[in-house]
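Residue numbering restarts at 1 for every chain, and letters A, B, ... go by the order of the sequence lines.
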2 protein chains.
Amino acid sequence: MTIKSDPYDSLVFLTNRVGRLLSNEVRKKLEEEGGPQILQTTHIGVLVDLWVQDGVRQQDLAVSTIKDKGTITRTLNFLEQENLVVRVTDRSDKRNKRIYLTHKGKEMEHRLLPYAEHATVGATDGISPEELRVCKDVLARLYKNLIK
Amino acid sequence: MTIKSDPYDSLVFLTNRVGRLLSNEVRKKLEEEGGPQILQTTHIGVLVDLWVQDGVRQQDLAVSTIKDKGTITRTLNFLEQENLVVRVTDRSDKRNKRIYLTHKGKEMEHRLLPYAEHATVGATDGISPEELRVCKDVLARLYKNLIK
DNA sequence: AATTATTAGTTGCACTTGCAACCAAAAACA
DNA sequence: TGTTTTTGGTTGCAAGTGCAACTAATAATT
């Protein structure tokens, strides 16, 4: 008897698809409720990182957001233009540019995060808080394991 | 006392980042071990869907893979060119094009899936099988809930 | 100290993607 | 039956992305 593997029971596909679906939900909510105009997923990803820790280098952002260095460069060009962040060349090592949130950038946290957190209402039907908790914890640990 | 929300404890960010990390792992493994030359994530996503069910319409693929119709059109142009799938115009409704795997396309399943499934070794350090099981189940239910 | 290697960030290029406009076929409606 | 609306798929366009080549600054090696 051959056991046919279920392609859907694979973390790669599950995370990617659920991730995109949730992103789309957030994007839709933002538009509906006239939220902030920064809709690019990468923009938000970078901001999220900066909310956790300020003053990191572009390279660090590239690693944690899992984007190319070049992509981060261009993302920051935009965020800087929008007065959400500033680039400061590191005194002691002029290769590094440290990224800091502006006042406007910090404010954005309170406006944006609720959308990201509440995007799951409705999606979690039939899922207990405990299960959800485990799921998030596992994902967080996977992230830590994989981020090198 | 104000409780600072943790941006990382959000399903949107966790799934997206873990998803990308895992995709990159699979891509790397494929290259290292001289696997199939189809590296595009979208290509693989479409194939996965077809392994689950053959003969669906492009529109169905767009929904389940969460990609734009246009993207699916172009993805199928490629897969058809590679002799992995064929498009068959539906007799009873000429708007529909049914997508079928070729022999080569079916073969690919056995070659590709192991990469996707085993990509998690090393990543799951410190995570029990039970926890992983719950995580996958939750993700699967989220997917079903969100896919409309 | 001078040369070489490495690292951070930028830029050009090719490719992917989503959106919107479009075409063809079918369904709904008058 | 003829007109309008909806649906599936394709295409043009603009924006995002990864890769590789490049520059500037620092570290490592001789």
Side-chain angles (χ1 to χ4, degrees), chain A residues 16-17 19-21 23-28 30-31 37-47 49 55-82 85-100 148, chain B residues 16-17 19-21 23-28 30-31 37-47 49 55-82 85-100 148:
Chain A
N16 273 297
R17 294 191 181 197
R20 192 127 35 126
L21 283 167
S23 288
N24 290 347
E25 289 284 310
V26 174
R27 207 187 319 277
K28 210 181 301 169
L30 275 170
E31 281 168 14
Q37 290 299 337
I38 323 254
L39 299 180
Q40 290 304 131
T41 330
T42 309
H43 297 160
I44 300 178
V46 165
L47 287 177
D49 265 7
V56 294
R57 303 167 309 146
Q58 299 195 190
Q59 180 61 27
D60 301 326
L61 291 173
V63 170
S64 59
T65 62
I66 317 145
K67 294 277 176 179
D68 186 74
K69 295 187 294 178
T71 303
I72 296 297
T73 291
R74 287 176 264 241
T75 300
L76 289 174
N77 290 345
F78 175 80
L79 292 177
E80 206 171 37
Q81 200 173 356
E82 294 288 322
V85 307
V86 282
R87 274 189 255 227
V88 179
T89 305
D90 195 324
R91 285 252 186 154
S92 63
D93 185 342
K94 290 186 192 112
R95 286 173 304 184
N96 298 333
K97 294 190 180 170
R98 302 277 170 187
I99 314 301
Y100 294 94
K148 191 180 45 158
Chain B
N16 273 297
R17 293 190 181 197
R20 192 127 37 124
L21 283 167
S23 288
N24 289 347
E25 288 284 310
V26 174
R27 205 188 321 277
K28 210 181 302 171
L30 275 170
E31 282 167 13
Q37 291 300 337
I38 323 254
L39 299 180
Q40 290 304 128
T41 328
T42 310
H43 296 160
I44 299 178
V46 165
L47 287 177
D49 265 8
V56 295
R57 303 167 308 147
Q58 299 195 191
Q59 180 60 28
D60 301 326
L61 290 174
V63 171
S64 57
T65 61
I66 317 146
K67 294 275 176 180
D68 185 74
K69 294 187 296 177
T71 302
I72 296 297
T73 292
R74 287 176 263 241
T75 300
L76 290 174
N77 289 346
F78 175 80
L79 293 177
E80 205 170 38
Q81 201 173 355
E82 294 288 321
V85 307
V86 282
R87 275 190 255 226
V88 179
T89 304
D90 194 325
R91 284 255 186 151
S92 61
D93 185 342
K94 291 186 192 111
R95 286 174 302 185
N96 298 334
K97 294 189 179 171
R98 301 279 170 184
I99 314 301
Y100 293 95
K148 195 181 51 183

TODO: State the CZ-CG distance between A:R87 and A:L79, to the nearest 0.5 angstrom.
DONE: 9.0 Å
Task: Salt-bridge present (A:D49, B:R17; N to O < 4.0 Å) - done: yes
Open item on the list: Using whole Å, what does the distance between atom P of nucleotide D:dT7 and atom CD of B:Q58 come to?
Closed with: 17 Å
- [ ] Would you kindly say whether A:S23 and B:N16 are connected by a side-chain donor-acceptor distance under 3.5 Å?
- [x] yes
- [ ] For the residue pair B:I99 and B:E80, establish whether any side-chain heavy-atom pair is separated by less than 4.5 Å.
- [x] no
Open item on the list: In whole Å, I'd like the distance from the CG atom of B:L76 to the P atom of D:dG9.
Closed with: 9 Å
- [ ] Starting at atom NE2 of A:H43, determine the distance to atom P of D:dG16, rounded to an integer number of angstrom.
- [x] 6 Å
Open item on the list: Taking the nucleotide of DNA chain C with the nearest heavy atom to each, does A:Q59 or B:T75 sit closer to the 5' end?
Closed with: A:Q59
Task: Phosphate OP1/OP2 of C:dT10: any A:R87 side-chain N/O under 4.0 Å - done: yes
Task: Rounded distance (Å) that lies between atom P of C:dT17 and atom CG of A:N16 - done: 12 Å
Task: B:D60 CG - D:dT7 P separation (whole Å) - done: 14 Å
Open item on the list: Base contacts versus sugar-phosphate-only contacts with protein, heavy atoms under 4.0 Å: please encode nucleotides 18-26 of chain C as B, S and - from 5' to 3'.
Closed with: BB-----BS
Open item on the list: Nearest 0.5 angstrom please: A:I72 CD1 to A:T65 OG1, how far?
Closed with: 3.5 Å
Task: Any side-chain heavy-atom pair of A:R57 and A:K97 under 4.5 Å - done: no
- [ ] Applying side chain to side chain contact (heavy atoms under 4.5 Å, CB included), run through B:L30 and B:R27 and close with a yes or a no.
- [x] CA-CA 5 Å; B:L30 275 170; B:R27 205 188 321 277; 5.6 Å; no
Open item on the list: Rounded to whole Å, please give me the gap between CG in B:L61 and P in D:dT10.
Closed with: 12 Å
Open item on the list: Just the rounded figure in Å: distance from P of C:dA8 to CZ of A:R98.
Closed with: 10 Å
Open item on the list: Please confirm whether the shortest side-chain N or O distance from B:T42 to OP1 or OP2 of C:dT17 is below 4.0 Å.
Closed with: yes
Task: Contact under 4.0 Å: A:Q40 side-chain N or O vs D:dT17 OP1/OP2 - done: no
Task: Length of the line joining A:N77:CG and D:dA15:C1', which is rounded to integer Å - done: 14 Å
